[in-house]
Amino acid sequence: MRIIVITGMSGSGKSTAVRALEDEGFYCIDNLPVRLFKPFVELIEKSGETSKGIVLVADIRGREFLKGYESAFQKIRNAGHKVEIFFFDALDETLIRRFSETRRRHPAAEHCSVSEGIRIERERLSGLRQMASRIIDTSEFNVHQLKDFVLRIVRGEEGSSPFVVEVQSFGFRYGIPMESSIVMDVRFLPNPFFVPEMKNLSGLDPEVRNYVLGLPETKTFIDAFFPLVTMLIPAYQREGKAYLTISIGCTGGRHRSVAVAEATVEYLRRSYPGVRITHRDIEKGQP
């Protein structure tokens with residue numbers, strides 16, 4: 001039976017990974033006491049239930065788990081099962097930001113700051129991190145990218161699709177996407193919002209697209225930007241990146257950034273057919 005242990009830093013995306021694996025057909029259980037790992041696996045095995053495997057989530061919340069995980073894993077392996085340990089991690093500043101956004105209390109920070117809680121957690125999980133079959137750094141992933149990455153791992157598709165390029169438009173008014181690898185500001189282009197017949201349209205409409213891409217400023221920009229991106233993609237690949245997110249922003253994320261993002265994807269798909277595109281804020285400025 002395939003058994004995946006999901007563990008790692010609080011705020012690193014473990015819950016997102018579990019939901020993806022549950023949808024994939026794995027039997028998932030969170031925070032099971034370590035002494036019940038082997039009996040639980042045996043119970044599922046004897047039940048005859050159909051699943052792709054078992055996902056056990058264990059982390060700093062289970063104090064008992066931190067004391068007995070090595071023995072528990074070995075007992076399961078001795079019974080003939082394959083145990084994979086996925087350790088989820090992220091940069092400290094990313095974890096701090098995520099806790100700030102959700103206003104959750106860090107489980108290791110009962111009487112201290114979030115940053116101190118992260119330090120304590122890293123120390124307590126250091127041995128488990130060394131045992132991990134795979135360390136997954138989620139610092140640059142958004143929710144959708146992380147789900148896709150985890151599923152490609154468990155499906156064994158990494159070799160056939162190791163690198164994903166995603167282009168997204170956004171509005172600076174709503175904040176820069178934190179998962180961005182490259183951010184390009186196109187607010188220097190004349191804004192179709194101030195052209196009455198285009199104000200209520202978007203960069204997906206031909207009128208706006210033709211207007212934006214027909215500007216002399218846009219043509220000059222594209223002549224410089226497209227070769228730059230073409231040069232950077234292989235460089236990111238050589239560094240072992242799983243995702244490259246190119247974020248193109250204008251004021252509201254509805255006109256200029258959408259048109260330029262669409263043109264960028266059209267250009268990149270000549271060499272990278274799997275390029276994806278999203279328009280994060282296109283509906284926010286809708287009248």
Side-chain angles (χ1 to χ4, degrees), residues 91 93-94 97-98 101 138-146 148 163-239 241-287:
L91 296 172
E93 52 264 37
T94 302
R97 174 179 55 79
R98 289 173 181 172
E101 290 174 350
T138 69
S139 302
E140 297 182 2
F141 288 167
N142 61 31
V143 171
H144 305 294
Q145 291 170 342
L146 179 56
D148 181 69
F163 188 76
V164 176
V165 179
E166 181 170 350
V167 178
Q168 66 175 331
S169 66
F170 73 96
F172 279 93
R173 178 182 299 161
Y174 308 107
I176 298 174
M178 296 304 297
E179 68 274 13
S180 305
S181 306
I182 299 169
V183 176
M184 187 55 61
D185 184 351
V186 295
R187 287 177 292 183
F188 66 90
L189 298 175
N191 194 347
F193 179 82
F194 298 109
V195 180
E197 57 268 28
M198 287 188 268
K199 178 178 180 179
N200 295 331
L201 301 177
S202 78
L204 296 178
D205 291 298
E207 298 92 330
V208 175
R209 177 184 172 90
N210 293 338
Y211 173 84
V212 172
L213 298 183
L215 293 166
E217 300 97 318
T218 306
K219 294 178 180 179
T220 301
F221 164 72
I222 283 176
D223 286 343
F225 180 54
F226 285 3
L228 175 64
V229 172
T230 301
M231 180 272 292
L232 288 175
I233 290 177
Y236 276 93
Q237 286 180 294
R238 287 193 298 271
E239 288 300 309
K241 296 285 187 181
Y243 268 88
L244 175 67
T245 302
I246 303 169
S247 299
I248 300 172
C250 61
T251 304
R254 183 167 171 80
H255 295 95
R256 293 165 290 181
S257 62
V258 173
V260 174
E262 289 284 335
T264 302
V265 168
E266 184 178 316
Y267 171 80
L268 290 177
R269 279 182 177 157
R270 301 171 191 171
S271 302
Y272 302 93
V275 174
R276 304 173 184 179
I277 186 165
T278 58
H279 300 298
R280 192 191 73 175
D281 301 323
I282 192 170
E283 300 299 331
K284 293 180 180 176
Q286 191 172 15

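Note that this is a predicted model, so its numbers are computed, not measured.
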Identify, with sequence neighbours excluded, every residue that meets salt bridge (charged side-chain N to carboxylate O under 4.0 Å, His left out) alongside Arg209.
Glu266

Partner set under side chain to side chain donor-acceptor pair (under 3.5 Å) for Ser139, not counting sequence neighbours
Asp137

Determine whether Arg270 and Leu268 make a side-chain contact, defined as any pair of heavy atoms from C-beta on separated by less than 4.5 Å.
no

Output all residues satisfying salt bridge (charged side-chain N to carboxylate O under 4.0 Å, His left out) with Arg269, sequence neighbours left out; order by chain, then residue number.
none

Qualifying residues under salt bridge (charged side-chain N to carboxylate O under 4.0 Å, His left out), relative to Asp185, sequence neighbours excluded
Arg187

Would you compute the distance between atom CD1 of Ile222 and atom OG1 of Thr264 and round it to the nearest 0.5 angstrom?
6.5 Å

Return the set of residues passing side chain to side chain donor-acceptor pair (under 3.5 Å) with Thr138 (not counting sequence neighbours), or none when no residue passes.
Arg98

Tightest non-hydrogen contact, residues Asp281 and Lys284, listed as OD1-NZ, 2.9 Å

For the atom pair CG (Leu213) and CD (Glu262), what is the distance rounded to the nearest 0.5 Å?
10.0 Å

Contacts satisfying ring-ring contact (aromatic ring centres under 6.0 Å, His included) that involve residues 245-278 (not counting sequence neighbours) are Phe226-Tyr267

Is there a side-chain contact between Phe141 and Thr94 (heavy atoms, below 4.5 Å)?
no

List the atom of Met198, the atom of Val208, and the distance in Å for their closest heavy-atom pair.
SD-CA, 3.8 Å

Indicate yes or no: at least one non-hydrogen side-chain atom of Val165 is less than 4.5 angstrom from one of Val229.
no

Hits for side chain to side chain donor-acceptor pair (under 3.5 Å) against Asn191, two or more places apart or cross-chain, chain-then-number order -> none

Shortest non-hydrogen contact from Arg280 to Gly175?
NH2-O, 2.6 Å

Show me the donor-acceptor pairs within less than 3.5 Å that the side chains of residues 214-221 make with the rest of the protein, sequence neighbours left out.
from	atom 1	to	atom 2	distance (Å)
Thr218	OG1	Val212	O	2.6
Thr220	OG1	Pro216	O	3.1

The criterion is side-chain contact (heavy atoms from CB on, under 4.5 Å); which residues satisfy it with Asp205, sequence neighbours excluded?
Leu201, Ser202, Glu207

Roughly how far, to the nearest 0.5 Å, is CD1 of Ile233 from CG of Leu228?
10.0 Å

Not counting sequence neighbours, which residues clear side chain to side chain donor-acceptor pair (under 3.5 Å) with Ser257? List them please.
none

Using the side chain to side chain contact (heavy atoms under 4.5 Å, CB included) rule, take His279 and Gln168 through it: C-alpha gap first, then chi angles, then the decisive distance, then the call.
CA-CA 5 Å; His279 300 298; Gln168 66 175 331; over 6 Å; no

Here the gap from Asp148 atom CG to Glu166 atom CD, rounded to the nearest 0.5 Å, amounts to 9.5 Å

Phe170 ring center near Phe172 ring center (under 6.0 Å)
yes

Mark yes or no: Lys199 above the aromatic ring of Phe194, with NZ or CZ under 6.0 Å from the six-membered ring centre and no more than 45 degrees from the axis.
no

With sequence neighbours excluded, what pairs up with Ser181 under the side-chain contact (heavy atoms from CB on, under 4.5 Å) test?
Glu140, Tyr236, Leu244, Thr245

Test log, rule side chain to side chain contact (heavy atoms under 4.5 Å, CB included), inputs Gln145 and Val164:
CA-CA 9 Å; Gln145 291 170 342; Val164 176; over 6 Å; no

What are the two closest non-hydrogen atoms of Pro192 and Arg256, and how far apart are they?
CD-CG, 3.6 Å

